[in-house]
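Proteins come first, then strands; the chains are lettered A, B, ... in the order of their sequence lines, and each starts at number 1.
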Amino acid sequence: MNEFKVLTRDSGNAVVMELHGFLDAHTAPDLEKSFSDLIGRGKYNIVVNFNGLSYISSAGLGVFMAYIDEVRNNHGDIKLTNMQQKVFNVFDLLGFPFLYEIYPDQDEALKKFDSK
Amino acid sequence: MIKDPEHGGDRIVELTSLIETAKILNSSLDSGFILNHIMLASMGKLTISRTAAIIKKDLPAADGKAEFAKIGKGIVADDATIAELFLLDLESPQDPSQFNASLSTRLTKAGVTWVFALRSAHRLLGYLLVGKKMIGGPLTPSEIEFVVTLCNLAAAAIENASVFEQYKESNLQMQRRVQELQTLFELSKEFSQLIDEPRAIRTLEFSIMGQTGSRQFAICLMYESKTRLVVNRIIGIGSTDLTVLCPLEQAVRLSTLLQAPQDRAPNSNAVGLQKTVEELSRLGIKVLIPFHVQGATDGILLLGDRVSHAPYSDSEISFLSSLCNLAAMAIDNARLFQESLAKQRLEEELSLAHTIQEKLLPREMPQFSGCSVSTFHIPSKQVGGDYFDVIKVGEDRLYFAIADVSGKGFPAALLMANLQSAFRALVATGLELDQILARLNNIVHANTDMDKFITLFAGIYDRSENVLTYINAGHNYPFLIKHDRVLRLDKGGLMLGVLSDVKYEIGREPVAVGDVLYMFTDGVNEALDAEGSQFSDERLAEVLLKNSTLGAGDILEEVRKEIAAFVGGAPQSDDITQLCISFS
């Protein structure tokens, strides 16, 4: 099984969260922990880079839903970037492009935070 | 087409433009583009300033009503007018004056001069409405013919586009189904491994959010007619009475429930249900999804609006039902696991208590010249209430006691421990036996409820006087065997703990060499055989008489053997305690 991993690093006034592996019901709590850590540190400008993520299920999508309100209420955002087609299809199928900004490239998302 | 001597040139231009239009229309799968194109073509060609095009959507809206796609360029028609037009099911172009007065007036007011039908081979797809020509005058027959041809071309293209859109839509539906199945498959695997309720609920929460795009929901668990709100993402739901929703058997839209609540939850109290449903509606709840484990309602998902406000489809609701039922299984497993864990913990504690209690009983008998003391004690499986003690005081006095605390389990064990420490402390004071018993009684009385009591036999053997003094506080009468004579020691008073300030009478018996004092608890004389009859005092007396010449230890062994033979394979139901003193 393709192990799930989250790497976070600061980049300017934002934090980049790199996802790797499989994000499903089993690994969703790991992502949840990463989000709650970031929010606990007062980091609300979050760019999630999906480049290394090869699979996402609806439970994984749910984690983004769980935190978006709190992040936006604190004038931040969760912007999604570098999705593989397969992963984007799931987002698209479940109507998530309506709810999140999705960029082809991480730098583009970071720029949006810079210009704030 | 043959050249018309008058309009020959125009005809050619018209034809070329129609062929051009046909090409453009047929290459598009976007009905919006197609409509737009024929509108522009007719406007340009006939110098019409205002048009509108309407087509009926193939997939009706969630409420089941027909939906129309409208493009207006200067003409605005309301839905009711459009619906009326569709009912007419026109085939040929019509001038609105042909319709009923009301419809005619409305269309004329909107600026419509002609209504052209967009028809495929089998059905009416829509209409093109056109307004006045800018250069004035009515449409000529050839102009009408041009627009009809345009409409026919458009209809074919729209039909194509609609087939394509249907295909796209059903493809999307299929992908959604596949995605739902994948989700169910993944979660059934995940849930079957979970034995932790908060984790199972969190997983369900993520899946609902991910699958529906809704953050507005609450999950209420129901167990033994109590409700517990475990997820609350809807402000204000905490004060709503959700117990009335227990009888709900199937997922239901709140709008349905608002109309006829009793039909869906027939066993619920009508007034309470009505109130709850109204409150939930006010809080924005859209769908109620109960979940079941083995037929019983285990909980309910109260689903509010999505972020996108898109309504929930039937298939989505049935998918969520399956999802919740999977989670219910995991939640139920978690509860069973916790219960068995608690039971295991209790058993461990009980066994610890048992060990502590055994340690309170003397393991070695004091050496005392003039008599030999032996004990025999088999505790039953549970923590019991039997107690015995033998204490040597100075060189001449031997104190002993045997007791049975009422009940079993922790309360009996605690009371027995309390008795042991009080008895030992009182013996150390050197008080007379009746004083010791009176105080012991008051202590037990003060420490227990009415229904708890202790039967106790306590005695002192004084070697210097060869006298046995004793008090029997409601205990089984011990046997004093003098050669072939059996005495029962019954002097004393009330069992301990029933009344305060009881006076006890001291019994006194001289003892001689060869006498045997045998004390026991009711585990001995009330030992049951497989048929349920008791070992009895009579049998006990017989065994004692037969073996009275043996030493204390051997007498106890003989009694044990007799009881074992009598009982056979029947399980031991009570503690068996014997205490024997043979005088030498």
Side-chain angles (χ1 to χ4, degrees), chain A residues 1-4 6 19 21-36 39 48 50 53-74 77-78 80 83-102, chain B residues 168-169 171-194 196 198-217 219 231 233-235 304-313 316 319-320 322-323 326-327 330:
Chain A
M1 194 58 153
N2 206 336
E3 207 187 330
F4 178 69
V6 186
L19 308 187
F22 273 62
L23 177 54
D24 58 13
H26 193 69
T27 55
D30 298 348
L31 181 62
E32 182 190 14
K33 193 180 171 301
S34 301
F35 269 116
S36 72
I39 287 167
V48 185
F50 281 73
L53 196 80
S54 44
Y55 173 83
I56 190 165
S57 77
S58 50
L61 258 65
V63 181
F64 294 95
M65 288 295 281
Y67 288 97
I68 189 70
D69 262 353
E70 194 177 348
V71 167
R72 287 190 183 153
N73 288 342
N74 285 286
D77 195 16
I78 301 175
L80 317 177
M83 276 186 202
Q84 294 179 22
Q85 188 61 41
K86 221 170 75 182
V87 171
F88 177 77
N89 286 349
V90 179
F91 269 86
D92 193 32
L93 197 60
L94 297 173
F96 276 64
F98 177 79
L99 307 169
Y100 295 90
E101 291 176 22
I102 301 178
Chain B
K168 239 174 45 182
E169 179 61 29
N171 197 22
L172 194 68
Q173 291 290 346
M174 202 181 68
Q175 281 181 39
R176 286 211 183 99
R177 269 316 89 69
V178 169
Q179 151 73 20
E180 286 178 355
L181 280 175
Q182 264 176 1
T183 302
L184 285 181
F185 176 69
E186 177 190 311
L187 289 176
S188 71
K189 232 174 33 182
E190 181 66 14
F191 278 134
S192 66
Q193 297 168 4
L194 287 180
D196 169 1
R199 172 92 190 251
I201 288 166
R202 199 72 178 135
T203 302
L204 177 64
E205 221 183 324
F206 284 146
S207 302
I208 292 168
M209 283 192 282
Q211 199 74 34
T212 64
S214 172
R215 283 193 298 261
Q216 295 288 307
F217 60 90
I219 298 172
V231 174
R233 298 180 153 271
I234 294 173
I235 298 157
D305 211 358
R306 279 194 245 251
V307 180
S308 68
H309 305 297
Y312 296 100
S313 70
E316 225 176 339
F319 162 78
L320 288 170
S322 313
L323 195 69
L326 279 178

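Residues satisfying the side-chain hydrogen bond (donor to acceptor under 3.5 Å, both in side chains) criterion with B:T212, sequence neighbours excluded, are absent altogether. Contacts of A:K86 classified as side-chain hydrogen bond (donor to acceptor under 3.5 Å, both in side chains), with partners at least two apart in sequence or in another chain: none. Residues that satisfy the side chain to side chain contact (heavy atoms under 4.5 Å, CB included) test with A:A25, not counting sequence neighbours, are A:A59, B:E186, B:L187, B:E190, B:T203.
Only the side chain of B:R233 comes within contact range of chain A, with heavy atoms under 4.5 Å apart. Only the side chain of B:R202 comes within contact range of chain A, judged by heavy atoms closer than 4.5 Å. Proximity to chain A is limited to the side chain of B:Q193, based on heavy atoms less than 4.5 angstrom apart.
Residues of residues 92-102 of chain A lying under 4.5 angstrom from chain B, judged on non-hydrogen atoms, are A:L93, A:L94, A:F96, A:F98, A:L99 in numerical order.
Looking only at side-chain heavy atoms (C-beta outward), A:L61 and B:Q211 stay at 4.5 Å or farther from each other.
Interface remark: of the candidates B:E205, B:Q182, B:M209, B:R176, B:M209 forms the most heavy-atom pairs closer than 4.5 Å to chain A. Counting heavy-atom pairs closer than 4.5 Å to chain B, the top residue among A:A66, A:G62, A:P29 is A:G62.
Taking CZ of B:F206 as the start and CG of A:L23 as the end, the distance is 9.5 Å to the nearest 0.5 Å.
Of the N and O atoms on the side chains of A:S58 and B:S207, not one donor lies less than 3.5 Å from an acceptor on the other residue.
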